[in-house]
2 protein chains.
Amino acid sequence: MELQSYIAKNGTTINIEKGQQVFTQGELCEHVYLVKTGLLKAFYLTENGKETIKSFIQSGTIIGSLNAAHCQVPSTFSLEALEQCRLVQIPLNELLALSKESISISQEFIQILLSLSLKKERREFELLTLSASQRFDNLRNTDPELVKKLTQNDIAKYLGITPVALSRIKHQ
Amino acid sequence: MELQSYIAKNGTTINIEKGQQVFTQGELCEHVYLVKTGLLKAFYLTENGKETIKSFIQSGTIIGSLNAAHCQVPSTFSLEALEQCRLVQIPLNELLALSKESISISQEFIQILLSLSLKKERREFELLTLSASQRFDNLRNTDPELVKKLTQNDIAKYLGITPVALSRIKHQ
DNA sequence: AGACAGCATTAACCTATGTTAAAAATAACG
DNA sequence: CGTTATTTTTAACATAGGTTAATGCTGTCT
């Protein structure tokens with residue numbers, strides 16, 4: 001947890017109101033964020049204006065558009081606060097540079113990336129093999145607290161279905 | 001590319017016949033593989049015996065059940081040769097240990113994990129926002145050569161639909 | 001060539017989810 | 001409190017994709 005404390009010390013704290021965006025799809029975003037308090041959603045907006053939620057981000061997590069920050073390209077998604085949030089912001093470059101100096105930071109980075117890839121793999125598996133209602137059950141079992149905090153609209157967008165379909169699924 | 005040459009030197013070369021499995025879902029798999037030649041598929045088998053393909057692996061790629069190897073848990077997927085393959089095998093532990101000694105190896109690891117996460121993100125995006133036929137178009141545009149080599153069955157399993165549905169999609 | 005195996009197509013019918021729109025419930029606010 | 005917004009439910013219909021099964025195609029072995 002050297003990394004987290006480095007960020008806490010050297011990053012700049014920002015407050016985000018509910019509904020505000022931390023960064024926006026299509027824009028450059030060179031930072032990485034450590035979530036101190038609050039809850040956020042990372043989401044895509046497709047050409048035809050449809051929103052789909054990539055993930056929900058809870059406190060204690062490090063989040064950022066890694067590829068955007070790393071490759072200096074526009075972010076493919078937006079990050080928005082679902083509640084009032086307190087974040088600590090730091091340029092990814094700074095962390096990467098740091099990791100070049102310190103083995104233990106590198107190692108931590110590797111750990112973070114490995115666990116991120118685990119998360120993505122689970123998600124991929126679910127999208128590929130489970131029906132919408134199975135995915136919903138999964139979410140409810142995995143993180144019932146989170147489900148309580150979310151609006152049905154956002155849950156649906158996360159599951160990849162419409163709120164109407166989710167309402168139907170619930171009544172069974 | 002220090003990592004690749006380390007693997008090439010210190011790993012053990014194995015040959016896999018078409019149809020053979022490199023490792024199997026449910027088993028431990030502590031190795032990571034560098035694909036020298038050939039083509040493979042990584043796939044899940046669900047409880048009800050349905051197969052879905054996670055990804056196709058072409059030569060030059062490093063593949064393995066990272067989480068299985070790292071956390072010493074059974075792999076969640078199998079790896080099978082679609083053509084006769086030549087691989088170089090090495091324990092992930094050995095690479096992780098190595099990365100603790102060498103900053104440049106750590107850095108390479110980080111690069112690999114970052115690009116892996118980019119790939120997964122694209123896949124997640126597609127599964128979440130595109131229809132089956134859009135996903136098929138995408139695949140055809142991104143890697144037409146690959147599509148030629150694959151059976152329609154495998155393409156369908158990769159897209160998350162049945163071969164019947166894929167056949168329908170093609171005729172439009 | 002003939003016989004078989006493995007793929008691909010087609011068709012008929014079924015189910016899950018999308019779409020639109022209206023009604024009902026809940027939350028937010030003066 | 002009563003009034004507006006916002007979210008959720010319900011209903012009716014449309015569509016994509018699943019299921020099963022039959023048919024056709026291609027290649028391989030003898």
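For clarity, every value in this text was computed on a predicted model and none was experimentally measured.
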(message) Would you say B/Y6 and B/E94 are linked by a side-chain donor-acceptor pair, where the criterion is simply a distance under 3.5 Å?
(response)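 The criterion, which ignores hydrogens and geometry beyond distance, is satisfied for B/Y6 and B/E94.
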(request) Go through the side-chain N and O atoms of A/T61 and A/Q58 and say whether any donor and acceptor fall under 3.5 Å apart. (result) no
(request) Starting at the 5' end of nucleotides 9-20 of chain D, put B wherever the base has a protein heavy atom under 4.0 Å, S where only the sugar-phosphate does, and a dash everywhere else. (result) BBBB----BBBB
(message) If the test is side chain to side chain contact (heavy atoms under 4.5 Å, CB included), which one of A/E126, A/R140, A/R123 qualifies with A/R135?
(response) A/E126
(request) Report the residue from A/Y44, A/F43, A/F23 that forms a side chain to side chain contact (heavy atoms under 4.5 Å, CB included) with A/S78. (result)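 By the side chain to side chain contact (heavy atoms under 4.5 Å, CB included) criterion, A/S78 pairs with just one of A/Y44, A/F43, A/F23: A/F43.
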(message) Show, in sequence, the C-alpha distance, side-chain angles and deciding distance for B/V35 and B/L40, and conclude whether the side-chain contact (heavy atoms from CB on, under 4.5 Å) test is met.
(response) CA-CA 9 Å; B/V35 181; B/L40 306 101; 3.8 Å; yes
(message) So that I can tick it off, tell me whether A/K41 and A/E51 are bridged by a salt bridge, with the cut-off set at under 4.0 angstrom between side-chain N and carboxylate O.
(response) yes
(request) List in chain and number order the residues that pass side chain to side chain contact (heavy atoms under 4.5 Å, CB included) with A/I103, two or more places apart in sequence or in another chain; answer none if no residue qualifies. (result) A/Q107, B/I103, B/S106
(message) Going 5' to 3' along DNA chain C, between which two nucleotides do contacts with chain A fall, using a heavy-atom cut-off of 4.0 Å?
(response) C/dT17 to C/dT20
